[in-house]
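Working notes for the structure below.
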Amino acid sequence: MSNSQLNLNFGDGSVSLSFSKEAAQDLQGALQELLGRLKAVATNPAGGSQRPTPQKPMEYRYQGPVFLEVFCNPNIWASPFAAKILLTVRDERIRLTTEVDLTQVLEDLEQYVQQF
């Protein structure tokens, strides 16, 4: 299991962290599942006579050289393209928490996995 630098971009900057290909693929799978939940909410919009079925939030945690946590509540976003995730990266010296576009994280992960 080799670790390389995963670069995650967000509106006002980026962060790079040591991340394995396997962990990136696990995170991709979790985000694809989240996309399915977001689509379920989007295809059954509120306002009609039937309320959309609430979807459970997505939580992903990776403990490696740094700790990475990803959280998203699919019930608050109108579409998968509007969705943002809460991203936390931390180690013993620093903690970074920011909101990132879901589509940007998916693109960054795809680019990272294609390196291998």
Side-chain angles (χ1 to χ4, degrees):
M1 175 168 39
S2 66
N3 283 356
S4 186
Q5 293 293 309
L6 169 64
N7 188 43
L8 296 171
N9 297 291
F10 40 91
D12 294 330
S14 65
V15 65
S16 294
L17 59 135
S18 184
F19 212 62
S20 69
K21 176 186 175 188
E22 293 80 11
Q25 290 171 328
D26 287 345
L27 180 53
Q28 274 184 316
L31 292 175
Q32 290 299 326
E33 186 177 314
L34 172 63
L35 278 175
R37 292 183 204 159
L38 286 160
K39 288 176 184 175
V41 171
T43 58
N44 191 3
S49 61
Q50 197 175 26
R51 288 184 65 122
T53 304
Q55 301 292 316
K56 70 178 192 172
M58 178 264 201
E59 292 183 52
Y60 173 85
R61 290 190 174 121
Y62 168 76
Q63 183 68 47
V66 296
F67 177 79
L68 172 71
E69 183 176 47
V70 177
F71 176 83
C72 182
N73 181 350
N75 301 300
I76 61 174
W77 302 105
S79 79
F81 302 106
K84 295 186 182 280
I85 60 172
L86 184 64
L87 177 78
T88 301
V89 178
R90 67 179 162 93
D91 67 8
E92 65 276 352
R93 296 167 296 198
I94 191 168
R95 176 186 187 111
L96 170 72
T97 302
T98 189
E99 199 172 58
V100 183
D101 290 334
L102 172 61
T103 54
Q104 181 63 56
V105 174
L106 286 168
E107 287 175 25
D108 293 341
L109 281 168
E110 183 62 32
Q111 183 177 29
Y112 177 76
V113 169
Q114 287 180 358
Q115 293 177 21
F116 295 96

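Of all the heavy atoms in Leu102 and Pro80, the pair that sits closest is CD2-O, 4.2 Å. In plain terms, the two heavy atoms of Tyr62 and Ala23 that are nearest each other are CE1-CB, 3.4 Å. Scanning both residues, Tyr112 and Lys21, for their nearest heavy atoms gives OH-N, 4.1 Å. Scanning all heavy atoms of the two residues, the minimum distance from Val66 to Val89 falls at CG2-CG1, 4.3 Å. Nearest heavy atom pair, residue Ser79 against residue Ala42, reads CA-CB, 4.3 Å.
Placement of Phe19 and Leu86 in two distinct hydrophobic clusters is found when ILVMFWY residues are connected by side-chain heavy-atom separations under 4.5 Å, directly or transitively. Side-chain heavy atoms closer than 4.5 Å link hydrophobic residues (I, L, V, M, F, W, Y) into clusters, and following such links, even through other members, never connects Leu17 to Phe67.
Ser16 OG to Asn7 CG: the interatomic distance, rounded to the nearest 0.5 Å, is 4.0 Å.
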Only pairs under 3.5 Å count here: list side-chain donor-acceptor contacts from residues 92-101, not counting sequence neighbours, and write none if there are none.
unit_1, atom_1, unit_2, atom_2, d
Arg93, NH2, Asp91, OD2, 3.2
Thr97, OG1, Thr88, OG1, 3.3
Asp101, OD1, Lys84, NZ, 2.6

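At least one donor-acceptor pair closer than 3.5 Å links the side chain of Asn75 to the backbone N or O of Gln55. A distance-only check finds a donor-acceptor pair linking the side chain of Arg37 to the backbone of Lys56 [under 3.5 Å].
Using a 4.5 Å heavy-atom threshold, the side chains of Trp77 and Leu38 count as touching. Residues Val15 and Phe10 meet the side-chain proximity criterion, which asks for heavy atoms closer than 4.5 Å. For the pair Tyr60/Leu31, no side-chain contact is recorded, criterion being any heavy-atom separation below 4.5 Å from C-beta on. With a 4.5 Å cut-off on side-chain heavy atoms, Met58 and Pro74 do not count as touching.
A donor-acceptor contact closer than 3.5 angstrom is absent between the side chains of Gln111 and Gln115.
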Point to revise | side-chain contact (heavy atoms from CB on, under 4.5 Å) evaluation trace for Leu87 with Leu68 | key: CA-CA 7 Å; Leu87 177 78; Leu68 172 71; 3.3 Å; yes
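Of the residues listed (Leu27, Leu34, Ile85, Leu35), the one engaging Leu106 in a side-chain contact (heavy atoms from CB on, under 4.5 Å) is Leu35, and it is the only one.
Within 6.0 Å of CZ on Phe81 lie no more than 12 heavy atoms contributed by other residues, nucleotides or ligands.
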